[in-house]
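In what follows, a structure is listed as structure tokens, so that the remarks can point back to it.
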Amino acid sequence: MIQSMIRIISRKFLTYLKCIGRRKLCLVPPVVLLVVVLWPACWWFAAHTSRALLPPLPPEQPLQHFRRNRSLQHYLKHTQILIEPSSSPCGSIEEVRLITLVSSAPPRAEQRQAVRDTWAKYQRTYFVMGLYGDHVDEQLVDNYIEAKQYGDLIVYDFRDHYQNLTLKTALMLQWTLDKCPQTEFLFKTDDDVLVNPWTMDKVLAQNVDAQLLGYSRNNTYLHREEYNKWYVPRWLCHEDYVSRYLSGTGYLINGDYLPQIMQAAIHVPLVNLEDIYFTYLVAHKELGLKLTHDRRLSPIKPWFKVSCMYWDLASTHSLDPQEMRTAWAKLEGLMKGRNNTRNVCATFDWFFGSWKDYGLTFE
Ligand SMILES: *[C@@H]1O[C@H](CO)[C@@H](O)[C@H](O)[C@H]1NC(C)=O
Ligand SMILES: *[C@@H]1O[C@H](CO)[C@@H](O)[C@H](O)[C@H]1NC(C)=O
Ligand SMILES: *[C@@H]1O[C@H](CO)[C@@H](O)[C@H](O)[C@H]1NC(C)=O
């Protein structure tokens with residue numbers, strides 16, 4: 001079968017070669033085929049495969065606004081508040097233990113609702129954001145409605161973007177100074193963080209004198225690859241290495257030091273990473289404040305989702321709304337439950353010891 005096919009093809013080919021020998025016109029069909037079909041096909045193939053071989057283009061890293069001006073004062077001066085909580089957060093109350101400000105973004109209403117329905121019931125909590133996307137007006141109308149209903153939104157007129165988080169945190173500090181200067185602590189966190197209010201109480205009680213408190217990351221090299229989410233170009237921060245900073249997923253600032261920190265920030269050029277900027281560059285390096293490490297203010301998400309994994313952490317990071325509600329139900333059950341459930345966790349802790357910390361995954 002195959003042999004006979006080969007025989008036929010070679011015979012046809014020989015006839016064709018003879019044809020070319022006799023008449024040049026016999027060359028036309030193959031040339032036409034080459035030009036019309038093969039050449040565009042090769043062209044298409046080369047264009048597509050070469051794109052796959054080239055490294056991808058670096059993602060857009062919109063850091064250009066920092067080239068124009070890196071003075072925090074400049075950005076604060078040009079940023080107006082658009083929506084504020086309906087009632088004064090601290091008013092005439094003399095002592096306020098904790099104000100929690102959650103970094104959110106306009107479209108993340110579902111995350112905010114999960115926070116409201118869970119841990120925020122136990123803590124004075126507000127959400128801070130800017131303006132988002134191409135349909136700013138529509139988004140703002142939605143946010144107005146949400147603000148009217150819950151009274152816990154703080155919206156400013158800056159562009160809400162990952163590279164503007166330092167400005168967002170600065171606005172949080174500023175707002176706390178304006179509205180609730182008597183607070184003992186400000187807790188800055190994110191809307192995908194689950195807070196355990198009972199452990200948070202313990203953390204606060206054990207650290208009344210702390211200046212800044214959080215999960216200390218030690219001896220970190222900054223990311224110089226443009227592909228990285230935490231990319232910091234050298235022109236923004238010439239130091240390659242940061243000796244200590246507190247993870248931005250959740251850190252506490254003692255209210256007494258807020259004025260000092262905001263004052264010092266005027267002299268420190270902005271950097272896109274808010275935790276490195278405020279906890280390391282401003283608080284630690286410029287002011288010499290102490291950064292206290294507490295492993296319970298965890299930037300980590302347990303991979304092993306049993307109640308006891310959550311019970312002694314003050315914060316757990318990177319949960320979607322559904323995960324947050326599920327984890328909260330476990331936690332609330334545990335905390336409202338009888339003491340012996342807690343004893344089970346104490347035993348769990350004792351048994352697994354430090355393994356438990358290493359068994360957690362970083363996000
Ligand atoms: C940045 O803004 C500050 C405060 O508004 C201003 O004093 C300074 O001149 C500006 N710097 C540049 C480079 O424009
Ligand atoms: C940050 O906010 C400012 C003020 O709204 C804006 O000019 C700038 O473009 C924003 N940066 C990014 C990366 O969106
Ligand atoms: C960072 O250093 C501090 C002080 O030396 C230490 O207490 C803390 O455990 C360290 N952080 C981590 C994550 O190991």
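All figures in this text were calculated on a predicted structure; none of them were measured in a lab. Order of appearance sets the numbers: ligands from 1, and atoms from 1 within every ligand. Because only heavy atoms are used, hydrogens play no part in the values below, and waters and symmetry mates are left out as well, while side chains stay in.
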Under 4.0 Å from a heavy atom of Asn69: give me the atoms of ligand 1 that qualify, with their elements.
-> 1 (C), 2 (O), 3 (C), 8 (C), 10 (C), 11 (N), 12 (C), 14 (O)
If we number the atoms of ligand 1 from 1 as shown, the ones under 4.0 Å from a heavy atom of Lys77 are 4 (C), 5 (O)
Can you say whether the rings of Tyr215 and His293 are parallel (under 30°), tilted (30 to 60°) or perpendicular (over 60°)?
-> perpendicular
Please confirm whether the backbone N or O of [Y] pairs with a side-chain atom of [X], one donor and one acceptor, at under 3.5 Å?
X	Y	result
Arg224	Val232	yes
Tyr277	Ala265	yes
Thr189	Thr249	yes

Output for ligand 3, non-hydrogen cut-off under 4.0 Å, lists Tyr215, Ser216, Asn218, Arg244, His293
Would you say Asn164 has any N or O atom under 3.5 Å from an N or O of ligand 2, going by distance alone?
-> yes
Look only at interatomic distance and state if Arg159 has a nitrogen or oxygen under 3.5 Å from any nitrogen or oxygen of ligand 2.
-> yes
Going by the order shown, which atoms of ligand 2 are within less than 4.0 Å of some heavy atom of Phe158?
-> 5 (O)
At a 4.0 Å cut-off, with the gap strictly under it, does some heavy atom of Arg70 reach an atom of ligand 1?
-> no
Test of ring centre spacing under 6.0 Å for Tyr122 and Trp328 | yes
So the ring-ring contact (aromatic ring centres under 6.0 Å, His included) pairs with at least one residue in residues 164-192 (sequence neighbours excluded) are Tyr126-Trp175
Using a distance-only test with no angle check, is there a side-chain donor-acceptor pair under 3.5 angstrom linking Ser216 and Asn218?
-> yes
How about Gln322 and Arg325: does a side-chain donor come under 3.5 Å of a side-chain acceptor?
-> no
Closest non-hydrogen contact found for Tyr280 with Arg244 is CD1-O, 3.1 Å
May I ask you to check if ligand 1 and Gln73 share an N or O to N or O distance below 3.5 Å?
-> no
